[in-house]
Amino acid sequence: MEIKKFKKDEIIFKQDAYQDFMYDIRWGKVGIYEGYGTPEQRLLRELGPEDLFGEMGLIEARPRSATAVSLEKDTQCALITRDDFESYFSDKPAKVLVIMQRMSERIRDLSNEVARLSK
C-alpha cells in the first residue's frame, strides 16, 4: 500500500475528478469541501487519523463528489486500490465494516441535512 504525503492546504483530489482509489488517513487532517475555491465554498467534514475518504470513487468508479484538502503539514494517507479493497473482504473484514459504517454515517448526515432544509 502506497503512502502519500500532502502539504498543508494541498488539494488531494478535486470535485468531479475521476480516481479509482480511496484514502486512509494515517496522520494529519483532511477537509472535505463542496465548491472549494468558490465564494460558496463549504466545509462538509473534517477527518483525522484512521478516517477513510474517497470510498465512493472506488466503489462506484464515478467522479468525486467533493474536494479533499490537507489541513495540516505532512498529512499522510495510504492509498487503497480496488485490489487492496477486494483483499479486505478476506484479509481485513473488520476494515470493510468500518468503511460501511462511515458510509452509513454520511448517508444519515445527508438525510438529516435534507430534512433540516425541507423545514
Side-chain angles (χ1 to χ4, degrees):
M1 200 173 310
E2 181 182 355
I3 303 292
K4 291 275 232 181
K5 290 184 182 180
F6 300 95
K7 299 173 188 166
K8 184 175 180 357
D9 298 323
E10 183 175 349
I11 294 174
I12 298 169
F13 60 72
K14 290 183 178 183
Q15 189 169 342
D16 297 324
Y18 175 82
Q19 290 180 331
D20 59 351
F21 47 87
M22 60 186 274
Y23 298 84
D24 184 351
I25 302 171
R26 299 299 173 92
W27 190 92
K29 290 185 181 175
V30 173
I32 306 298
Y33 291 88
E34 178 180 70
Y36 185 76
T38 70
E40 294 81 30
Q41 171 179 305
R42 188 173 89 152
L43 178 64
L44 301 174
R45 186 173 291 256
E46 188 174 302
L47 306 170
E50 298 186 28
D51 280 329
L52 302 157
F53 65 100
E55 68 281 354
M56 291 184 342
L58 173 73
I59 293 168
E60 296 180 308
R62 292 178 55 186
R64 298 296 189 185
S65 61
T67 297
V69 180
S70 172
L71 300 178
E72 290 186 354
K73 178 182 172 188
D74 297 329
T75 293
Q76 297 179 23
C77 300
L79 269 64
I80 300 171
T81 65
R82 182 169 296 280
D83 288 340
D84 294 329
F85 183 65
E86 287 175 3
S87 73
Y88 281 9
F89 285 93
S90 58
D91 301 340
K92 299 178 183 181
K95 196 73 159 177
V96 175
L97 182 58
V98 169
I99 292 166
M100 292 172 59
Q101 288 170 333
R102 299 283 161 71
M103 290 179 73
S104 179
E105 288 171 10
R106 291 179 190 154
I107 291 168
R108 184 178 310 279
D109 289 348
L110 287 170
S111 295
N112 290 338
E113 181 72 7
V114 168
R116 185 185 68 76
L117 292 172
S118 298
K119 292 180 181 180

Open item on the list: I'd like to know if the side chain of Gln15 reaches the main chain of Gly35, judged simply by a donor and an acceptor atom lying under 3.5 Å from each other, with no hydrogens or angles considered.
Closed with: yes
Task: Path from Val98 to Phe89 over hydrophobic side-chain contacts below 4.5 Å - done: yes
Task: Same apolar cluster: Tyr18 and Leu58, side chain cutoff 4.5 Å - done: no
TODO: May I have the step-by-step check of side-chain contact (heavy atoms from CB on, under 4.5 Å) for Ile80 and Tyr23, ending in yes or no?
DONE: CA-CA 6 Å; Ile80 300 171; Tyr23 298 84; over 6 Å; no
Task: Heavy atoms from other residues, nucleotides or ligands near CD of Glu60 exceed 12 (cutoff 6.0 Å) - done: yes
Open item on the list: Let me confirm one number: the NZ-NZ distance from Lys8 to Lys29, rounded to the nearest 0.5 Å.
Closed with: 10.5 Å
Open item on the list: How long is the straight-line distance from CD1 of Ile11 back to OG of Ser70, given to the nearest 0.5 Å?
Closed with: 11.0 Å
Task: Smallest separation among heavy atoms of Met56 and Ser65, with atom names - done: CE-OG, 3.2 Å
Task: Inter-residue atom distance Tyr33.OH - Arg42.CZ, 0.5 Å rounding - done: 12.5 Å
Task: Atom pair CD (Glu2) and CZ (Phe21), whose distance is rounded to the nearest 0.5 Å - done: 8.0 Å
TODO: Determine the minimum heavy-atom distance between Ala78 and Ile3, stating which atoms define it.
DONE: CB-CD1, 3.6 Å
Task: Minimum heavy-atom distance Ile32-Ala66, with the two atoms named - done: CG2-CB, 3.6 Å
Task: Closest approach of Asp74 to Trp27 (non-hydrogen atoms, all atoms of both residues) - done: O-CE3, 3.3 Å
TODO: Report yes or no: does Thr75 contribute a side-chain atom to a donor-acceptor pair with the main-chain N or O of Phe6 at less than 3.5 Å?
DONE: no
TODO: State, to 0.1 Å, how close Cys77 and Val30 come at their nearest heavy-atom pair, and which atoms those are.
DONE: SG-CG2, 4.4 Å
TODO: Could you tell me whether the side chain of Asn112 and the main chain of Asp109 form a donor-acceptor pair under 3.5 Å?
DONE: no
Task: Main-chain N/O of Gly37 paired with Gln41 side-chain donor or acceptor, under 3.5 Å - done: yes
Open item on the list: Less than 3.5 Å apart, any donor N or O on the side chain of Thr81 or Asp84 sitting next to an acceptor on the other?
Closed with: yes
TODO: State whether Arg82 and Asp20 are salt-bridged, where the test is any N-O pair (Lys NZ or Arg NE/NH1/NH2 against Asp/Glu carboxylate O) under 4.0 Å.
DONE: no
Task: Reported NZ-to-NZ distance for the pair Lys5 and Lys73, which is rounded to 0.5 angstrom - done: 10.5 Å
Task: Gap between atom CD of Glu105 and atom CZ of Arg45 - 0.5 Å precision - done: 6.5 Å
- [ ] Kindly determine whether Ile59 and Met103 satisfy side-chain contact (heavy atoms from CB on, under 4.5 Å), including the steps that lead there.
- [x] CA-CA 11 Å; Ile59 293 168; Met103 290 179 73; 3.8 Å; yes
- [ ] Please report the shortest heavy-atom distance between Pro49 and Gly28, naming the atom on each side.
- [x] CD-O, 3.3 Å
Open item on the list: Under a 4.0 Å threshold between the charged nitrogen and the carboxylate oxygen, would Glu113 count as salt-bridged to Arg116?
Closed with: yes
TODO: Begin from the C-alpha positions of Met22 and Asp24 and carry the test side-chain contact (heavy atoms from CB on, under 4.5 Å) through to its verdict.
DONE: CA-CA 7 Å; Met22 60 186 274; Asp24 184 351; over 6 Å; no
- [ ] Answer yes or no: is there a donor N or O on one side and an acceptor on the other, between the side chain of Ser104 and the main chain of Met100, under 3.5 Å?
- [x] no
Open item on the list: I'd like to know whether Ile12 forms a side-chain contact (heavy atoms from CB on, under 4.5 Å) with Phe53, so could you lay out the CA-CA distance, the side-chain angles of the two residues, the decisive distance to 0.1 Å, and finally the verdict.
Closed with: CA-CA 11 Å; Ile12 298 169; Phe53 65 100; 4.1 Å; yes
